[in-house]
Amino acid sequence: MKKYEGRRTIDGLVVTVDAHSLDEHYDVKRFTKYGFEWTYEGESPQQLALAILVDYLGDGERAIKLSAPFMKRVVANLDNDWALTGDEVAQEIRSIEAK
């Protein structure tokens, strides 16, 4: 099962999937040029939402459609240091798509 983690360090933000750096997936869509962020709603948190969704789903178009609600429901509410499992991502996707 995939595990996504983020933490704030003295050297900046670190976001990983299964202990490897998570790609921003600017090739799919660029919401910001400033990289990832979380704990609020905005362009950098939406880039993180997109990156998690592209990695998890493997579907750029679907990830773009889900990125705003996923950012609002999940990314904006993450703590400074956080972890999400693939199951938690899947559960949020199901919840968003059920509406």
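The ring pair (Phe, Tyr, Trp, His ring centres under 6.0 Å) contacts involving residues 21-59 comprise Trp38-Trp82, where partners must be two or more places apart or lie in separate chains.
Under the 4.5 Å side-chain heavy-atom criterion for Ile, Leu, Val, Met, Phe, Trp and Tyr, Leu57 and Val75 are members of the same hydrophobic cluster. Cluster annotation: Met71 is connected to Tyr4 through the hydrophobic network of ILVMFWY side chains, with a link wherever side-chain heavy atoms come within less than 4.5 Å. One hydrophobic cluster, built from ILVMFWY side chains closer than 4.5 Å, cannot hold both Ile64 and Ile52; they sit in different ones. Criterion: ILVMFWY side-chain heavy atoms under 4.5 Å apart, direct or through other members. Under it, Val17 and Leu66 are part of a common hydrophobic cluster.
Between Asp59 and Leu53 there is no side-chain heavy-atom pair separated by less than 4.5 Å. For the pair Leu22 and Leu48, the minimum side-chain heavy-atom distance is below 4.5 Å.
Shown here are the side-chain contact (heavy atoms from CB on, under 4.5 Å) partners of Glu92, two or more places apart in sequence or in another chain: Phe70, Arg73, Val74. The side-chain contact (heavy atoms from CB on, under 4.5 Å) check on Ser21 picks up nothing, with sequence neighbours excluded. Partners of Thr16 under the side-chain hydrogen bond (donor to acceptor under 3.5 Å, both in side chains) rule, at least two apart in sequence or in another chain, do not exist in this structure. Taking the side-chain hydrogen bond (donor to acceptor under 3.5 Å, both in side chains) definition, one finds that Gln46 meets it with Ser67, sequence neighbours left out. Residues passing the side-chain contact (heavy atoms from CB on, under 4.5 Å) test with Asp87, sequence neighbours excluded: Met1, Thr85. In terms of the side-chain contact (heavy atoms from CB on, under 4.5 Å) criterion, residue partners of Lys3 (sequence neighbours excluded) are, by chain and number, Glu5, Asp18, Ala83. In this view, Lys29 satisfies the salt bridge (Lys or Arg N to Asp or Glu O under 4.0 Å) rule with no residue, not counting sequence neighbours. Every residue meeting the side-chain hydrogen bond (donor to acceptor under 3.5 Å, both in side chains) condition with Asn80, not counting sequence neighbours, appears here in chain and number order: Arg8. Scored by the salt bridge (Lys or Arg N to Asp or Glu O under 4.0 Å) test, Glu97 finds Arg62 as partners (sequence neighbours excluded). For Lys2, the side-chain hydrogen bond (donor to acceptor under 3.5 Å, both in side chains) partners two or more places apart in sequence, or in a different chain, are Asp55.
When all heavy atoms of Leu78 and Thr39 are compared, the closest pair comes out as O-CG2, 3.0 Å. The shortest heavy-atom contact between Leu13 and Glu37 is CD1-OE2, 3.7 Å. The two residues Val54 and Ala63 have their closest heavy-atom pair at CG2-CB, 3.5 Å.
Within a 6.0 Å sphere centred on CD of Glu41, other residues, nucleotides and ligands contribute more than 12 heavy atoms.
Formation of a donor-acceptor pair under 3.5 Å by the Gln47 side chain with backbone atoms of Glu24 is found in this model. Although no hydrogens or angles enter the test, the distance criterion places no donor-acceptor pair under 3.5 Å between the side chain of Asp79 and the main chain of Asp81.
Grouping Ile, Leu, Val, Met, Phe, Trp and Tyr residues whose side-chain heavy atoms lie under 4.5 Å apart, directly or via other members, leaves Ile10 alone, with no other cluster members.
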